[in-house]
Amino acid sequence: MAFDIEMIKEVYARYPERIAAARKAVGKPLTLTEKILYSHLSDGPATAAYERGKSYVDFQPDRVAMQDATAQMALLQFMQAGKDQVAVPSTVHCDHLIQAEVGAAKDLQKANDKNKEVYDFLASVSNKYGIGFWKPGAGIIHQVVLENYAFPGGMMIGTDSHTPNAGGLGMVAIGVGGADACDVMAGLPWELKFPKLIGVKLTGKMSGWTSAKDVILKVAGILTVKGGTGAIVEYFGEGARSLSATGKGTICNMGAEIGATTSIFGYDEKSAAYLSGTGRSDIAELANGIAEHLTGDDEVYVNPEQYFDQLIEINLSELEPHVNGPFTPDLAWPLSKFAAAVKENNWPAKLEVGLIGSCTNSSYEDISRAASLAQQAVDKKLVAKSEFTITPGSEQVRYTVERDGFLGTFGKMGGVVLANACGPCIGQWARHGAEKQEKNSIITSFNRNFAKRADGNPNTHAFVASPEVVTALAIAGDLTFNPMTDSLINEEGKEVRLDEPRGLEMPTKGFAVEDAGYQAPAEDGSQVDVIVDPKSDRLQLLESFPAWEGTDLKGLKLLIKAKGKCTTDHISMAGPWLRFRGHLDNISNNMLIGAVNAYNDETNKVKNQITGEYGEVPATQRHYKEEGVGTVVVGDENYGEGSSREHAAMEPRFLGVRAILVKSFARIHETNLKKQGMLALTFDDPADYDKVQEDDTIDILGLTEFAPNKPLTVVLTHADGTKDEFLVNHTYNEGQIEWFKAGSALNLIKAGIL
């Protein structure tokens, strides 16, 4: 569980020289983001300024973190790379496969029984290759990383889209696919398009019902789910310095919902206090020694409009609590306007369940503030009208808040404590009655609320708010209740008001834990065997994808033209499908089953051009593959937003889809497609999306001269013999084109070329 203090010393030792070189290359003062990025260039000190949003750059991250659902495929790929040990400190966290149903103890035991094969695989492969292993029940990856591994000025990649949580401690932490993690663990540079910079200046100071969660809820409303695409969001100002480190983590965590590459805060006294409070005072001491390099230059913050591509200003003293949703995390409502929105839109006002915790809001501060409201409910003889659940973020947090009486307080209110795992936040929720698909409302302190995500019910209206607001609304059982202004009738028939929530940033008696759930790897893993049963339906060793045949792609068929939002949840659902995350063939049976077919407005029902019949998407694609027919998937804007899961790229590759053609991509998904040897293409003219017809045969021309910044040509041959021809764009650089030609990036690693 050691936090690699020698590695951190090495990182900090190179900062002065590299930042000086970067400042000279750029020719102006540097933001914090630029300092960290330039200090992590794989080829050393900066000698050139990279063009934001255009230049591809190689970096060398300090750490890799993987959650169990994505680690399976990442490590199956790493096993093919031919390496004896990982090249950088890496960890695996078992947090995704525990299904919430009745409560922590029984749910964890059930998960251990049900997932034993996967856990044993992850533990053994970690043991063999020098990877730290966090057992089931240890906690959610992002909270565990914040408590143990995140450090100011570091760079980390993680196989989960909410990896940016570590930005709360001043780390550039970026969600990636497993193939990227595999590359870095193999000792290769990690490539990223040099991001644009969005600055968020925070002034004032929060009070009362407002919390750090409301900052990102407000920002999401401003930028929308794709407004941060290709950018890093840097928060600064007196307001930023007033926020707790875990509050900053909450903001950075949910920055994934605006499409941001990552988000970050500078190092300050709150950062130092959290490091010391979590047993890392030596890191705080090191950081204090180079504090000037762990924040942006003074000139940047005096005139931020000159240094950021976009600037947002928020006065925390005026910021109102927000509720976002339903069905998208960027539909932002100030609390004072939310009740009217519920009524005007005819959303179910009765609140069925309130859920707090998750990786986004499970800090000691979050739990203590929510518990202060639960205690009020008990004292004021209020009985919670909604179901209420609590998901601690780590065993350390759970143990500490139980010691300090908060879990007992929730119990008196009627709350149920779930396992230290992702649970309902990612669809791992055995919600009784969800199968009836009744129209209902829930509210969570999670980060993501796409349709069907939490419980599989498309009619569940999921809203996102702070733990405090969630708790208050769960007590009321009514979405139109405003705890800042409204009263409630208690069990004695008396009218009572909820006072403002109160809490502590960190426990006065310090954090405590009996067993954090960590397993250190063997010093010599050469004798450790990793066994995968060939008959397993959960784990499957990988076979290499075939190389490009060296010709243009002709005679392709349209598999599906997806309409509207198509997230990675639509492409490769989570929930019950998580059990197949280590078995590519089996999980491919969920490919695109959530995408809406533009021709019939239905999900999982597409036309098979060979038979003329309609069928499920995976079955139709398997038939095309059997017949040796390649296909194309067409999509809308921001295709592949959401989770970092690379299965959404590997499944179509495995089943024989040759290209994904869309109006625009979400960053992680586009990279995942490239890594797997897929063609990720965008319409030069988005209106050409409308030219694609259901019975089209598709040619992709220009691949024999495939080159950076050179468009390709798509020819559609319609059923009546007429044709449409148009240009399509791509963002492949020379190295990525080699991935495509080889069949995948991993094929080049195996060949010793990368």
Side-chain angles (χ1 to χ4, degrees), residues 1-7 62-76 78-79 83-98 104-105 107-150 156 158-160 163 166 178 181-182 185 278-280 359 392-400 419-422 511-532 538-539 578 581-582:
M1 198 163 65
F3 38 72
D4 311 295
I5 191 69
E6 294 305 317
M7 177 267 287
D62 306 311
R63 294 200 62 87
V64 173
M66 297 168 282
Q67 42 100 326
D68 51 355
T70 49
Q72 295 170 63
M73 196 59 69
L75 292 173
L76 285 166
F78 182 77
M79 289 171 65
K83 304 294 182 179
D84 294 330
Q85 255 200 341
V86 292
V88 300
S90 304
T91 50
V92 169
H93 304 258
C94 294
D95 60 358
H96 271 56
L97 301 180
I98 303 169
D107 291 347
L108 181 57
Q109 182 57 54
K110 185 176 180 179
N112 278 320
D113 295 340
K114 185 178 180 181
N115 303 312
K116 184 178 187 303
E117 178 185 14
V118 172
Y119 293 150
D120 287 349
F121 165 72
L122 292 174
S124 63
V125 75
S126 297
N127 199 26
K128 182 176 182 64
Y129 293 110
I131 299 168
F133 179 72
W134 290 82
K135 303 173 187 177
I140 306 174
I141 177 171
H142 313 303
Q143 182 66 25
V144 173
V145 165
L146 195 70
E147 293 175 2
N148 295 277
Y149 301 119
M156 178 179 75
T159 62
D160 190 281
T163 298
C182 177
M185 289 189 293
T278 51
R280 294 173 287 172
C359 66
S394 70
E395 175 59 14
Q396 178 169 271
V397 166
R398 188 213 63 79
Y399 187 93
T400 304
N420 312 323
C422 300
F511 286 103
V513 67
E514 288 185 344
D515 179 7
Y518 178 72
Q519 172 185 297
E523 290 189 18
D524 178 9
S526 61
Q527 303 304 310
V528 176
D529 292 325
V530 180
I531 300 174
V532 176
R538 298 198 63 175
L539 294 168
L578 286 173
R581 282 288 179 86

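Sequential numbering from 1 along the given sequence is applied to the chain's residues.
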For this session: Could you give me the CA-CA distance, side-chain angles and deciding distance for Y119 and K135, then say whether side chain to side chain contact (heavy atoms under 4.5 Å, CB included) is met?
Result: CA-CA 8 Å; Y119 293 150; K135 303 173 187 177; over 6 Å; no
Problem set entry | Test side chain to side chain contact (heavy atoms under 4.5 Å, CB included) applied to V145 and H93, step by step | CA-CA 9 Å; V145 165; H93 304 258; 4.1 Å; yes
For this session: For D68 and Q72, run side-chain hydrogen bond (donor to acceptor under 3.5 Å, both in side chains): C-alpha distance rounded to whole Å, both residues' side-chain angles, the deciding distance at 0.1 Å, then the answer.
Result: CA-CA 6 Å; D68 51 355; Q72 295 170 63; over 6 Å; no
Problem set entry | Derivation and outcome, side chain to side chain contact (heavy atoms under 4.5 Å, CB included), residues M185 and K83 | CA-CA 9 Å; M185 289 189 293; K83 304 294 182 179; over 6 Å; no
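Taking a cutoff of 4.0 Å between a charged side-chain nitrogen and a carboxylate oxygen, R63 and D4 qualify as a salt bridge.
In this structure, CD1 on I98 lies 8.5 Å from CG on D107, to the nearest 0.5 angstrom. With values rounded to the nearest 0.5 angstrom, Q85 atom CD is found 9.5 Å from S526 atom OG. Between the CE atom of M66 and the CD1 atom of I141 there is a distance of 8.0 Å, given to the nearest 0.5 Å. In this structure, the separation between CG on L578 and CZ on R538 is 9.0 Å, given to the nearest 0.5 Å.
Side-chain contact between F133 and C94 is present, with at least one heavy-atom pair separated by less than 4.5 Å. Side-chain contact between D62 and M156: absent, with no pair of heavy atoms (C-beta onward) separated by less than 4.5 Å. Annotation: side chain of L97 is not in contact with side chain of P136 (no heavy-atom distance under 4.5 Å).
Tested against L122 for a side-chain contact (heavy atoms from CB on, under 4.5 Å), the candidates L539, I131, L75 yield a single pass: L75.
Atom CG of D84 sits in a sparse spot, with 12 or fewer heavy atoms from other residues, nucleotides or ligands closer than 6.0 Å.
Side-chain N or O atoms of S126 include none that pairs as donor or acceptor with a backbone N or O of G132 at under 3.5 Å. Between the side chain of R280 and the main chain of A150, a donor-acceptor pair closer than 3.5 Å is present. With T159 contributing its side chain and T70 its backbone, the two residues share no donor-acceptor pair below 3.5 Å. In this structure, the side chain of T163 engages the main chain of D160 through a donor-acceptor pair within 3.5 Å. The backbone N or O of I531 sits nowhere less than 3.5 Å from a side-chain atom of D529 that would complete a donor-acceptor pair.
In plain terms, the two heavy atoms of G130 and V86 that are nearest each other are O-CG2, 3.7 Å. Contact detail for P89 and M7: the closest heavy-atom pair is CG-CE, 4.3 Å. Among all heavy-atom pairs drawn from C182 and A74, the shortest one is CB-O, 4.2 Å. A pairwise comparison of heavy atoms in A138 and G517 identifies CB-O, 3.9 Å as the closest pair.
Using the six-membered ring where Trp is involved, W134 and Y518 have ring planes that are tilted, between 30° and 60° apart.
Checked against side chain to side chain donor-acceptor pair (under 3.5 Å), S394 has the following partners two or more places apart in sequence or in another chain: E147. Considering only residues two or more places apart in sequence or on other chains, N420 meets the side chain to side chain donor-acceptor pair (under 3.5 Å) condition with E395.
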